[in-house]
Amino acid sequence: MPNTNKISWVNIILWGIRILVIILILWGVANTIISGKYSANNWISLIVAGLAQGSIYALIALGYSLVYGIMLMINFAHGEVYMAGAFVSYFVANALEKSGFLIRQPIITIVILLITAMLTSTLVALLLEKIAYRKLHNAPRIVALITAIGASFFLQYSFRGFFGTGFKTYPDFGTIWGKWTIGTTTIQVVQIVVAVAALLIMLILYWFVEKTKVGKSMRAVSEDREIAALMGINVKKIIVITFMLGGMLAGAAGVFRGIYQPQGIGYSMGFLPGLKAFSAAVLGGIGNIPGAMLGGLFLGIFESLGPNLVLQGLGIVGANQLKDAIAIVMLVLVLIFRPQGILGEKLSEEKA
Amino acid sequence: MNTSEHKTINNIQQDLLKCIRIGVYAGIICIFVALIGMVEKFNSRDIISEVISMGHTLLVIITLSGTILTIQQFRQISLEYKHSSNGINYLWELLVGIFTGLIISSILAIFVVFINEIDIRPIFINASPTLLTILTFDKDIYTATMNLLVLGVVLGFIGTLFLNLPGKLRLLLIAGISSVIILGMFQDIITIILSKDGWPKILLNFLIDKNGVSVTASIVIFILIVITTSIYPYLPTAYENTMRLVAIYHSINLRISMYIMLAITLLLRIYWFIAISDKNLPMLPLCREGYITTNATLGQCAIVVYNQFNNVTNLFANSTSIINLIITISELILVGSISYSIISILWKSLRKTKSYNTNNLSELEHQTLIIKTKRNFSIVMGSALLLSLPMLLGVFPSEVLVNIGIYMLMGFGLNIVVGNAGLLDLGHVAFFAVGAYTTALLTSPRASLELGLSFWAALPIVIVITGLTGILVATPVLRMRGDYLAIVTLGFGEIARFLFLSDWFKPWLGGAQGIIKIPPISIGSIEFIGPHRIYYLIILFALIALFISVRIKDSRVGRAWMAMKADEKVAETMGINTVYYKLLAFGMGAMIASISGAIFATKLGTIFPHSFNVLVSITALSLIIVGGIGNLTGVIIGALVLVGLPELLREFSEFRLLIYGTLLIVMMLLRPEGLVPKSNTNTMIKDQDLIQDAWVENSTIYSHVKR
């Protein structure tokens, strides 16, 4: 509730922060570019890497956004849904690699992996909805959020119990496909594959939400749940479908993560990406599907460029260590500058 | 007639379906527990030595609960359809119970056969041969399966039988069995305490066998607890009567005399504490060694108590008999009652008040007097216990107590933010960390600043800096609603860790190596090294935090928070400056957490960024939620249960966060108001808070709120 008439000192501080942030960013960028440490090729490969990473974030962010649009709750355990998909498909990938199938048919392997991961993640998301969230449709938001946090830790530590604490490593798709060289720029093919496949999945989702009947009901429910129910839409079913969609996307994201970044598949892998994807969803405008996609891609690029472009320019040592903090800082900045996100319309009181 | 019979049969089919469902759930839980490694881990310890292990107990409890839940469900349904007679009903119940037991055990049996045939260990690391041995009781697979099925039937039968026992008997059984189980679970800590010098060896030998509670001890304890429980209903009356007597005989201003007595004992305690560390201080002259004299004056008594306390420390370090301790406690009570009598007489003569002849008292006054007496009694006994705990228990349990205290302090801080002001803060660890790091920077001579301040000089600076950090964190997110606030604070918690870890701040904060050589807290020449000393500091700060929390709750500030929590817009309309109060809440929460962090830093002497991860915030959040949001007793109990238990139970610590997660879900689904019932004063406001967001009229969980 911004009281527009009154200028309180909080407003002044916020404006101060805004100006400071802009100056800092410009200063950092200018410094880096003047120093000429990186060539254009460097920047291009960073951007492509950022796009691949960003499309993974976008897939997870969509899950947040979909659920938020319909239930007005942050599904805090969504990062764990993603982790479940990555984890289970790792075992399949491992088996396929041992049998030699992976080398022969990498594309079919990826399809198999996607199906496994999507099924697992959907299953986890549905269980989550059934056991934890179903009874909380009308509960205060803080109660739902705390339940979600509980569910998140429950899932993490169940997986830790099932599969152990060690980190797993996906088969290396990077070396199977090698690199492309266009002119003087080399790009890893894996990055292109991940970005394109993720984009394809997002397009399918977009079509589903915009064109099909179920998608229309979803939009109707997110507009006004009660009236949608009056119009004969089965709200409970729509919520289940929403969780299913979110789970599928998260599962796909899990596989892409494994392909793109083979190391570090473990029980705690979902926490930070979950947090970042939430930032991405807010960046794009929470509840907004194209917004979540854009937000994810932007976040990926920011994360990839940020340390080198801005932080090094500011003279920060070991800027890449702060890579993970960028998403969170960005979340705070978005909330200060434009709380409704890039594509979000002004939120009504109820949602904001 | 025909139709009703048909209905009954239909009904029974339904019942069977429901039985099957609950049974299947219980079976799946059994498998879940086995696969995440709980059974194997728990099995390393026996509840009753060489009779039943903890892992088996877990499975038995799950099976029994499954059976009991099923039968309760069955009863609920059969209430709707009146069955022909009771006898038949019992029979059906028995059948249902046995059937459920059979389902659970057969699921487990299938699982056993499965892991026997197929090696799933490459995927599920806990499906090990050891697990198989545990589940098959080390028999071949055929016998094991049969055994399991028979066991299921037996457990189903026991479950049914148990539910059909008269209520009183059931209570006794539960009390007896659970106390044996608790004793078995805590055997490690009991062994540690009892093997200290001073406790009679025979007690330990009697209680604990090789790997669990001995058979005889478990029987004895079972019987003892059953007896205690059966006389328990009469105990409150006895207590009431005693208190009534005390109230009648000492019906002068009780509170003040009790407080004075408390102060005396406290002062003695502190003097002892100082004298132990500082050899220069004169030891008080002793009137007599050991026992109390009947004609002892107050001062002499005090000296004896002081001396006894000395002996208690020796009990801690060297060896003195347990009898000394008992004497000390009885002396404490004696000193209390004597000083109390003297003061009451003095008070009486000074005030020249009308003597409280109890016959003239109205019933109301009388009741008030009794209540006061009771409260004072519990305050005195509670403080005596609180002050003597580290000496009673020894080093390791004191360490646990200190950890509990650190989390409790953090919980008090978080409770102001979450409980009072209703702002969900998931990054409380950031304030804890800032407190710890600032303390380290200011006090450690090896830190970059090279200040080497004393703890007490640093503490105000630490508190102010952390308070400012709290306000700084809160400012950008002030206008956001709960969800965003939660995520952003969570993010800040993570950012704090990244910054502490980063090379950027390494010159100042030491990066991954952290800051070393933080000096211990000292007063004069006494250094607070070791958990049994830090304990007193923790108690001191926890009491201060508790006092602040209690006092602030119903103050103007507390009511403003309450209003803000109930409805922010309305509160603003009523003239509450929400910005100010939100910042105040964050600032205060951060300040209290910073004290906790400061003690944490000095306790360890070295701090690393890795100690300040998100799990700390989650633990703090869990403990205030399990106890009941906004409830101070809840914070204390939550800290004891959630921090204390995993530290005491080796087996639990691995599954700590799993259990926290489960607890959070279960609490929110079943008891969102927390374990500890809230006092009536705030329920109305809280209820409104719950109603506020409820959309639909027939909300199931919160319907009780609407009345």
Side-chain angles (χ1 to χ4, degrees), chain A residues 1-2 8 10 13-14 17 68 72-74 76 91 131-132 135-147 149-158 160-164 225-226 271-272 275 278-279 282 311 316-319 321-322 324-325 327-329 331-333 335-336 339 352, chain B residues 32 35-38 122-126 422 424 426 475-484 486-488 490-492 494-495 498-499 501-504 506 568-569 572 579 614 618 621 625 655 657-658 660-665 667-669 672 689-690 692-696 699-702:
Chain A
M1 310 112 257
S8 70
V10 174
I13 289 181
L14 287 185
I17 294 174
Y68 190 89
L72 291 182
M73 69 168 275
I74 297 171
F76 197 84
F91 291 108
I131 296 170
K135 286 183 180 168
L136 296 174
H137 286 180
N138 304 315
R141 291 204 192 97
I142 195 167
V143 169
L145 188 62
I146 291 168
T147 315
I149 293 167
S152 161
F153 279 85
F154 175 79
L155 283 174
Q156 268 190 40
Y157 284 83
S158 301
R160 181 182 132 137
F162 284 149
F163 306 122
R225 197 197 292 189
E226 279 173 326
F271 177 72
L272 265 184
L275 198 59
F278 176 76
S279 312
V282 175
L311 296 182
I316 290 172
V317 193
Q321 288 175 330
L322 298 176
D324 289 333
I328 301 156
V329 173
L331 173 64
V332 177
L333 292 182
L335 291 174
I336 293 174
Chain B
F32 175 81
L35 276 184
I36 61 167
M38 240 174 181
I123 296 176
F124 294 101
I125 53 157
N126 284 309
L424 189 54
L426 294 182
T475 316
V477 289
L478 268 183
R479 305 233 161 111
M480 274 154 229
R481 141 175 105 47
D483 300 13
Y484 284 116
I487 303 282
V488 170
L490 181 72
F492 270 120
E494 285 293 285
I495 286 182
F498 291 143
L499 289 184
L501 256 174
S502 69
D503 285 344
W504 185 21
K506 197 169 180 182
E568 206 177 311
K569 266 171 273 171
E572 199 154 350
V579 170
V614 66
I618 297 299
L621 183 75
I625 283 166
F655 305 103
L657 280 141
L658 185 76
Y660 287 177
T662 320
L663 267 179
L664 284 186
I665 302 175
M667 292 299 297
M668 285 298 118
L669 291 180
D689 183 36
L690 288 180
Q692 202 192 177
D693 281 14
W695 290 28
V696 187
S699 147
T700 44
I701 313 166
Y702 300 95

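Chain naming here is simple, since letters A, B, ... match the order of the sequence lines and numbering starts at 1 in each. Only heavy atoms go into these numbers, but all of them, side chains included; no hydrogens, no water, no symmetry mates.
In this structure, the portion of A/L331 lying under 4.5 Å from any heavy atom of chain B is its side chain and not its backbone. Proximity to chain A (any heavy atom under 4.5 Å) is shown, for B/F492, by both the backbone and the side chain. For a residue to count as touching a neighbouring chain, one of its non-hydrogen atoms must lie under 4.5 Å from one of that chain's; by this rule A/L275 touches chain B with the side chain only. In this structure, the portion of A/F278 lying under 4.5 Å from any heavy atom of chain B is its side chain and not its backbone. For a residue to count as touching a neighbouring chain, one of its non-hydrogen atoms must lie under 4.5 Å from one of that chain's; by this rule A/I131 touches chain B with the backbone only. When heavy atoms are compared at a cutoff of 4.5 Å, B/Y660 does not approach chain A at all. Both the backbone and the side chain of A/V329 come within contact range of chain B, with heavy atoms under 4.5 Å apart.
Chosen from A/A327, A/S158, A/A151, the residue pairing most often with chain B at heavy-atom distances under 4.5 Å is A/S158. Interface summary for chain A: among B/V488, B/L501, B/L663, B/L664, the most heavy-atom pairs under 4.5 angstrom belong to B/L664. The choice from B/L426, B/L35, B/L499 that makes the most heavy-atom pairs within less than 4.5 Å of chain A is B/L35.
In this structure, B/F32 and A/F154 have parallel ring planes: the angle between them is below the 30° cut-off, well short of the 60° mark.
Under the 4.5 Å side-chain criterion, counting only non-hydrogen atoms from C-beta, B/L490 is in contact with A/F76. Side chains of A/F153 and B/L658 form no contact here, defined as non-hydrogen atoms less than 4.5 Å apart. Under the 4.5 Å side-chain criterion, counting only non-hydrogen atoms from C-beta, B/E494 is not in contact with A/D324.
Taking CD1 of B/I125 as the reference point, atom CZ of A/F163 lies at 9.5 Å (rounded to 0.5 Å). Atom CZ of A/F91 and atom CD1 of B/I123 lie 5.5 Å apart (nearest 0.5 Å).
Taking every heavy atom of both residues into account, A/L145 and B/A486 meet most closely at CD2-CB, 3.4 Å.
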